[in-house]
Structures are given as structure tokens and as C-alpha cells.
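Working notes, structure below.
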Amino acid sequence: MHKELIPYAEAWSWQKDIVKKRKELIEREKDCSDTLIILQHHPVYTLGTRSSEAYLNFSMKNAPINVYRTERGGEVTYHGPGQLVIYPIINLRYHKMDLHWYLRALEEVVIRVLSSTFFIKASRIEGLTGVWVGDQKLAAIGIKVSQWIAYHGLALNVATDLTAFGQIVPCGIQDRQVGSIKGLLQEHVSPNQRGAENKYDIDDNQLIDITHKSLVQEFCKIFQVHLRHKPIPAGIAWERPEVLHSITEKGD
């Protein structure tokens, strides 16, 4: 669903429903495949369990867009069109029962995407979660783990309108900026290439497609899994039939 704009509440409900059903299977000594959901959201702000409202530059009573307080970790962030949100619903017992490892693995997926696909050198910053290019944060990560089943995930700014981040202190970090893949690519277009016709402008939809494909490939490599498409179960179906990525087996 990487081309779709999905209401945040819908995707949040899908995740909780999948986690609940998976826990029920585990209690019966059964289990199912891991799940990977990739989509975009309508504009929304989300806060983690212990997020401080001091990082909002507006009153909750007069919020410019919907605001949700969730069970994930981390401070406030923004989701909106042009941003790919990746929700892996993973049983860490089959991977590594280590939250630090899992966070670093998610970061590594984005770092490899930026390097292999866009020749952008990204990095981590000690003591902070996410992926950075210089002082610009391109990917935010916030997860929840219950009985070693992880959900929520990461958001990567691809062609995002970054102005909405001005209404918050993103992730509670006041001395750094937020960036996007499109913004960084445009920075590397020389002034002579920026004609009046803007023929060197990057097509947002194409950029989303390229990034999505690379994210799936790098995710499979990092987590050593194979993916297959699976119809959304009736209980969590959206307005029309779509597909989720289902992780069917671990690789060698």
C-alpha cells in the first residue's frame, strides 16, 4: 500500500489486531508469519507513551491536524504524504531477543537504502535513535514490544512536505533539523541545471516507488527473510482489497 494514503487510526488498528491474533496463536503453541506493512498516512501527529506535550507548538485543544498518543516509544513526530511508514510486526524470538539490536537493524535498512539507491551517506548519532545525514534526520523510529512481538516501526521522509514539522519539536530534539531524500537530491542539482521549466525536478511518485522497492530489498537482506503478498484478512480490511507483505520464512 505504499502508494496509498491510509488514516493513521486504521493502520494502528490493523497492527493491534494482528498482534492480538498472533498472541492467541502462540498461547495455543502455534504461530503465523511475520507481517510487513508499508504505506503513507494522511497528515497526523503521533506521540509515544511518555511523550511530553511541551514539544507541541500548539494547544492540544486547537491542534492543526489529528493527534494520537500511542503505545510506541519516542517523542512526537509527524506522518504525512510523501513519507513511507514501515510497520514490521515481528516475533523477535525468531530473530534476536534484543531491542537494541532490533532498533539498529531498522536503522541499517534505511542506511543501506540511502547508500545503495541514492548514493547518500547516512549515519547514526550516538545516544539518538534514527537515521541522519549531517544534522538532518531522515528516518524516525518508534516501536512497541509485547511478549517479544514488535510492532509500530519507522518513518522515512522521501518527498515529504517538511513544513508540518515546524509545529512540533520532532522527537524532542531541539538543535537538529528534519530532512528528506528529495531535498537532499535537489541540493546536489547544480544551479545551471535548474532551468525555468524545472525539468530536473524529481517526480515524487517515481521517487516513492524507487524507495519502496529498495526498502523491501534491504529489509529482506537485513532480516534474512523472504516476502510474499497476502490478502488483508476480512477483520482488518480497508475500503477495498489490498495486500500486506507476509514474511514466510527466514533465509539462510
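Here, residue 1 is the first one in the sequence, and each next residue gets the next number. Only heavy atoms go into these numbers, but all of them, side chains included; no hydrogens, no water, no symmetry mates. From a predicted model like this one, the values you see are computed outputs, not experimental measurements.
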- Atom CD1 of Ile38 and atom CG of Leu36: how far apart are they, to the nearest 0.5 Å? 4.5 Å
- How are the rings of His212 and His2 set relative to one another: parallel (under 30°), tilted (30 to 60°) or perpendicular (over 60°)? parallel
- Query: Minimum heavy-atom separation for Thr117 to Ser214, with atom names?
  - Reply: OG1-OG, 2.7 Å
- Query: Quick one: does Thr77's side chain have a donor or acceptor within less than 3.5 Å of a partner on Pro170's backbone?
  - Reply: no
- Item | Rounded distance (nearest 0.5 Å) linking atom CD1 of Ile86 with atom CG of Leu154 | 4.0 Å
- Item | Residue from Glu71, Lys16, Lys23 passing side-chain hydrogen bond (donor to acceptor under 3.5 Å, both in side chains) with Ser146 | Lys23
- Query: At what distance, to the nearest 0.5 angstrom, does NE2 of His79 lie from CG of Asn157?
  - Reply: 10.0 Å
- Query: Crowded around Glu24 CD? As in, over 12 foreign heavy atoms under 6.0 Å?
  - Reply: yes
- Message: Is there a side-chain contact between Ile6 and Trp14 in this structure, where contact means two heavy atoms from C-beta onward sitting under 4.5 Å apart?
- Response: yes
- Given side-chain contact (heavy atoms from CB on, under 4.5 Å), test Tyr94 with Phe223 step by step and report yes or no. CA-CA 10 Å; Tyr94 299 144; Phe223 288 92; over 6 Å; no
Per-pair distances, 0.1 Å, donor-acceptor, side chain in residues 171-179, under 3.5 Å, sequence neighbours excluded:
none

- Under a single-linkage definition using a 4.5 Å side-chain heavy-atom cutoff for Ile, Leu, Val, Met, Phe, Trp and Tyr, are Ile141 and Leu162 assigned to the same hydrophobic cluster? no
- Task: Over all heavy atoms of both residues, which pair between Val131 and Ala122 is shortest? Give the atoms and the distance, please.
- Result: CG1-CB, 3.7 Å
- For Val67 and Glu53, what are the C-alpha separation, side-chain angles and deciding distance, and is it a side-chain contact (heavy atoms from CB on, under 4.5 Å)? CA-CA 11 Å; Val67 181; Glu53 292 182 14; over 6 Å; no
- Task: State which residues pass side chain to side chain contact (heavy atoms under 4.5 Å, CB included) with Lys3; sequence neighbours excluded, sorted by chain then number.
- Result: Asp209
- Within the side chain of Ser115, is there an N or O that forms a donor-acceptor pair under 3.5 Å with the backbone of Ile111? no
- Query: Can you find a heavy atom in the side chain of Ile208 that is under 4.5 Å from one in the side chain of Leu84?
  - Reply: yes
- Item | Val225 reachable from Val113 in the ILVMFWY side-chain graph, under 4.5 Å edges | yes
- Item | Which atom of Asn57 lies closest to which atom of Ile168, heavy atoms considered | ND2-N, 3.5 Å
- Query: Got a donor-acceptor contact below 3.5 angstrom from the Ser51 side chain to the Gly48 backbone?
  - Reply: yes
- Least distance between heavy atoms, Pro88 atom then Gly153 atom: CD-CA, 4.0 Å
- Message: Quick test of your reading of the model: are Arg104 and Glu108 salt-bridged, counting only N-O distances below 4.0 Å?
- Response: no
- Note on the structure: dist Leu5:CG -> Gln40:CD (nearest 0.5 Å) comes out at 5.5 Å
- Under 3.5 Å side-chain donor-acceptor pair for Ser33 and Arg228: no
- Verdict with reasoning, His152 to Gln15, per side-chain contact (heavy atoms from CB on, under 4.5 Å): CA-CA 7 Å; His152 289 284; Gln15 293 183 78; 4.1 Å; yes
- Message: With a 4.0 Å cut-off on N to O distance, would you call Asp161 and Lys182 a salt bridge?
- Response: no
- Exam field: side chain Arg22 to backbone Cys32, donor-acceptor pair closer than 3.5 Å: yes
- Where do Leu156 and Ile181 land on the side-chain contact (heavy atoms from CB on, under 4.5 Å) test, with the steps shown first? CA-CA 9 Å; Leu156 173 60; Ile181 294 175; 4.1 Å; yes
- Query: Does any non-hydrogen side-chain atom of Met60 lie less than 4.5 Å from one of Arg69?
  - Reply: no
- From Leu227, Ile89, Val19, residue fulfilling side chain to side chain contact (heavy atoms under 4.5 Å, CB included) relative to Thr35: Ile89
- Out of curiosity, Thr46 OG1 to Asn66 CG, how far, rounded to the nearest 0.5 Å? 12.0 Å
- Query: Would Val158 and Leu106 show up in the same hydrophobic cluster when neighbours are defined by side-chain heavy atoms closer than 4.5 Å?
  - Reply: yes
- Query: Any idea which heavy atoms bring Ser116 and Glu218 closest together, and the distance?
  - Reply: OG-OE2, 3.4 Å
- Item | Ionic contact status for Glu107 with Arg124, cut-off 4.0 Å | yes
- Message: Is there a path of hydrophobic side-chain contacts, each under 4.5 Å between heavy atoms of I/L/V/M/F/W/Y residues, joining Tyr151 to Leu47?
- Response: no
- If we only count heavy atoms from C-beta on, is the Ile26 to Gln147 side-chain gap below 4.5 Å? no
- Which pair of non-hydrogen atoms, one from Asp98 and one from His100, has the smallest distance, and what is that distance? OD1-N, 2.9 Å
- Task: Establish whether Ile125 and Leu138 are linked, either directly or via other cluster members, by ILVMFWY side-chain heavy-atom contacts under 4.5 Å.
- Result: no
- Query: Only one of Tyr55, Tyr8, Tyr78 forms a ring-ring contact (aromatic ring centres under 6.0 Å, His included) with Tyr45, so which one is it?
  - Reply: Tyr78
- Task: Examine distances only and state if a side-chain atom of Arg72 and a backbone atom of Glu75 form a donor-acceptor pair shorter than 3.5 Å.
- Result: yes
- Task: Please tell me if the side chains of Trp148 and Leu99 come closer than 4.5 Å, counting only heavy atoms from C-beta onward.
- Result: yes
